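Here is the structure we will look at, set down as structure tokens.
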Protein chains: 2
Amino acid sequence: MVNGSVMGTKTTREHIVEAADGLFYENGYEHTSFADIAQAVGISRGNFYYHFKTKDEILDAVIALRQTNTRGMLEEWEARGEDAAERIRCFIRILIANRAKIMAHGCPVGTLCAELTKLDHPAQADAGRIFTLFQAWLSRQFAALGRAGDADELAMHLLARSQGVATLANAFRDEAFVNREVELMCDWLNTCRADTPDEDLKTPEEKH
Amino acid sequence: MVNGSVMGTKTTREHIVEAADGLFYENGYEHTSFADIAQAVGISRGNFYYHFKTKDEILDAVIALRQTNTRGMLEEWEARGEDAAERIRCFIRILIANRAKIMAHGCPVGTLCAELTKLDHPAQADAGRIFTLFQAWLSRQFAALGRAGDADELAMHLLARSQGVATLANAFRDEAFVNREVELMCDWLNTCRADTPDEDLKTPEEKH
DNA sequence: ACTTCTATAGGACAAGCGTCCTAATATGTC
DNA sequence: GACATATTAGGACGCTTGTCCTATAGAAGT
């Protein structure tokens with residue numbers, strides 16, 4: 001029977017991937033062992049091997065899960081935020097919502113990409129694609145804001161700022177700093193709209 | 001005889017620390033083994049143990065080296081840059097100067113802090129102190145720029161932006177992005193001075 | 001009831017790790 | 001030249017790692 005995780009009962013495989021996701025985030029990929037994950041799930045290492053033959057396979061599954069979760073989150077923001085600026089603000093505010101975890105372990109995406117780079121791991125590109133999801137989504141929002149011309153650049157800029165805040169929040173454990181930077185990003189976002197008010201007012205409808 | 005590395009001949013210990021510094025940067029702390037470092041220096045693992053009894057000891061030495069190097073770099077900028085704004089621009093431009101290495105391995109400070117966090121390593125605080133060196137130095141520059149009131153915040157802001165650029169430069173390997181963001185930071189720096197021109201013109205001299 | 005497939009457990013394995021020990025060699029000092 | 005110290009080499013150790021194998025228990029299908 002194939003359980004696609006539709007019901008409340010989760011597959012063992014799903015349990016494994018979720019536990020690995022958390023452990024990779026908190027302790028890093030390399031520093032997390034098969035035994036650690038197995039213990040977290042409450043299964044034996046042998047059973048583990050039945051589901052994943054290789055550590056790389058688990059990593060791939062974790063990255064795929066994060067991609068899926070990210071897509072879901074972006075869709076939710078897309079549905080919730082009434083205008084593009086408010087949607088972008090949803091993105092900015094994850095720094096507030098996930099403040100505690102970010103201060104404790106950094107950004108899940110940024111730290112994973114950095115670690116995989118150092119390991120020269122084949123999954124580098126896949127992990128980087130999570131960044132691309134955010135980048136593309138933000139870019140579309142900025143385009144909807146009337147900044148189609150430099151939407152990609154604006155998206156990268158905002159992504160970079162949020163990454164920098166995550167890194168320093170982790171290093172300094174300074175909550176006030178996070179709040180301040182979030183404010184600054186929101187201020188900056190407002191100036192983005194003001195730059196081209198004419199074109200913005202002409203095409204406020206959805207474009208795809 | 002105690003060789004304080006004054007002459008051209010370097011101590012074996014210094015060779016080890018420098019090799020470890022490079023390997024920790026390129027491959028990460030945990031992913032670098034005693035054997036790796038010994039091989040890089042060209043000595044036996046036994047000799048290695050004579051100089052460092054523990055992997056943590058090497059890490060401490062590497063962090064101390066980086067602190068020293070950072071202090072030296074900051075002093076050099078202090079001496080070279082004619083005014084505070086130019087000195088801050090020296091900081092911003094390391095993203096350009098170290099572009100290739102940053103795209104390949106990220107920021108040495110940021111990635112080390114992130115890794116030590118995940119390992120829950122005792123040296124976390126020491127590594128974080130390298131960030132503090134930059135922060136304090138930048139803060140003094142902003143104060144000299146006439147922004148004594150919010151110098152700390154401005155310093156953290158700039159530090160965060162450079163960290164974000166380093167992270168994304170590493171993930172996307174996008175050189176144009178780095179150049180663009182450096183430009184933006186320089187632009188932002190110019191607006192900093194303009195904010196309080198009166199006070200700035202009254203006290204342009206050094207304060208310590 | 002019997003077989004087949006899925007899932008779980010537990011241990012075996014070689015390799016690599018940090019650590020430590022001992023023997024040999026260089027480098028002085030008297 | 002004899003001796004003490006500083007430095008190097010090389011291997012042994014116990015442990016953990018990722019990987020793999022085999023045996024057992026349950027569910028499904030006939």
Side-chain angles (χ1 to χ4, degrees), chain A residues 1-21 23-24 26-63 112 115-116 118-123, chain B residues 1-21 23-24 26-63 112 115-116 118-123:
Chain A
M1 187 256 256
V2 176
N3 181 356
S5 86
V6 187
M7 310 178 295
T9 65
K10 279 177 190 159
T11 311
T12 302
R13 193 193 147 95
E14 288 172 321
H15 274 125
I16 292 175
V17 176
E18 281 177 19
D21 183 27
L23 288 171
F24 288 175
E26 293 177 8
N27 305 330
Y29 169 66
E30 195 174 27
H31 194 242
T32 302
S33 68
F34 271 53
D36 290 335
I37 306 174
Q39 191 183 11
V41 183
I43 60 172
S44 66
R45 296 193 326 285
N47 185 10
F48 199 107
Y49 181 72
Y50 173 76
H51 295 282
F52 295 97
K53 307 237 163 290
T54 266
K55 205 182 178 187
D56 292 1
E57 267 185 43
I58 313 173
L59 179 59
D60 289 342
V62 167
I63 292 176
L112 180 65
E115 183 178 0
L116 295 185
K118 306 247 173 193
L119 303 185
D120 199 23
H121 196 283
Chain B
M1 187 256 254
V2 176
N3 181 358
S5 86
V6 187
M7 309 177 297
T9 66
K10 279 177 192 160
T11 310
T12 302
R13 195 193 145 95
E14 288 171 320
H15 274 125
I16 292 174
V17 177
E18 282 176 19
D21 182 27
L23 288 172
F24 288 176
E26 293 177 10
N27 306 330
Y29 169 66
E30 196 175 25
H31 194 243
T32 302
S33 69
F34 271 53
D36 291 334
I37 306 175
Q39 192 183 10
V41 183
I43 60 172
S44 66
R45 295 193 328 284
N47 186 10
F48 199 107
Y49 181 72
Y50 172 76
H51 295 282
F52 294 97
K53 308 240 164 289
T54 267
K55 205 182 178 188
D56 292 2
E57 267 185 42
I58 313 174
L59 179 59
D60 290 341
V62 166
I63 292 175
L112 181 65
E115 182 178 1
L116 295 184
K118 306 248 174 194
L119 303 185
D120 198 23
H121 197 283

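Note on naming: letters A, B, ... go to the chains in the order of the sequence lines (proteins, then strands), and numbering restarts at 1 for each one. For clarity, every value in this text was computed on a predicted model and none was experimentally measured.
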Rounded to the nearest angstrom, tell me the gap between atom CG in B:L23 and atom C1' in C:dC17.
16 Å
Just by modelled atom types, is the B:S33 backbone N or O under 3.5 Å from a matching donor or acceptor in the B:D36 side chain?
yes
Mind running a 4.0 Å heavy-atom check of residues 42-55 of chain B against DNA chain D and sending the residues that fall below it, in number order?
B:I43, B:S44, B:R45, B:G46, B:N47, B:Y50, B:H51
I need the CZ-P distance between A:F34 and C:dG10, as an integer number of Å.
18 Å
Could you run down the sub-3.5 Å N/O contacts of the protein with nucleotides 24-26 of chain D?
none

Tell me whether A:K118 is salt-bridged to B:E115, with the criterion being a basic N under 4.0 Å from an acidic carboxylate O.
no
Side chain of A:S44, backbone of A:N47: donor and acceptor closer than 3.5 Å?
yes
Value in whole Å for how far the P atom of D:dT17 lies from CD1 of A:I37
11 Å
How many Å lie between CG on A:L59 and P on D:dG18, as a whole number?
13 Å
Of A:H31 and B:T12, whose nearest nucleotide on DNA chain D comes first from the 5' end?
B:T12
Is it true that a side-chain atom of A:D60 and a backbone atom of A:E57 form a donor plus acceptor pair closer than 3.5 Å?
no
Find the distance A:R13:CZ to C:dT8:C1' and express it as a whole number of Å.
17 Å
At what distance, to the nearest 0.5 angstrom, does CG of B:D21 lie from CD1 of B:I37?
10.5 Å
Without decimals, in angstroms, what is the distance between A:E57 CD and D:dC20 P?
10 Å
Just how far, in rounded Å, is P of C:dC20 from CG of B:D56?
12 Å
Distance in Å, A:F34 CZ paired with A:I16 CD1, rounded so as to fall on 0.5 Å steps:
9.5 Å
Over all atoms of both residues, closest heavy-atom pair of B:L116 and B:L59
CD2-CD2, 3.8 Å
Nearest non-hydrogen partners of A:K55 and A:Y29, listed with the distance:
NZ-O, 3.1 Å
Does the side chain of A:H121 pick up a donor-acceptor pair with the side chain of A:D56 at under 3.5 Å?
yes
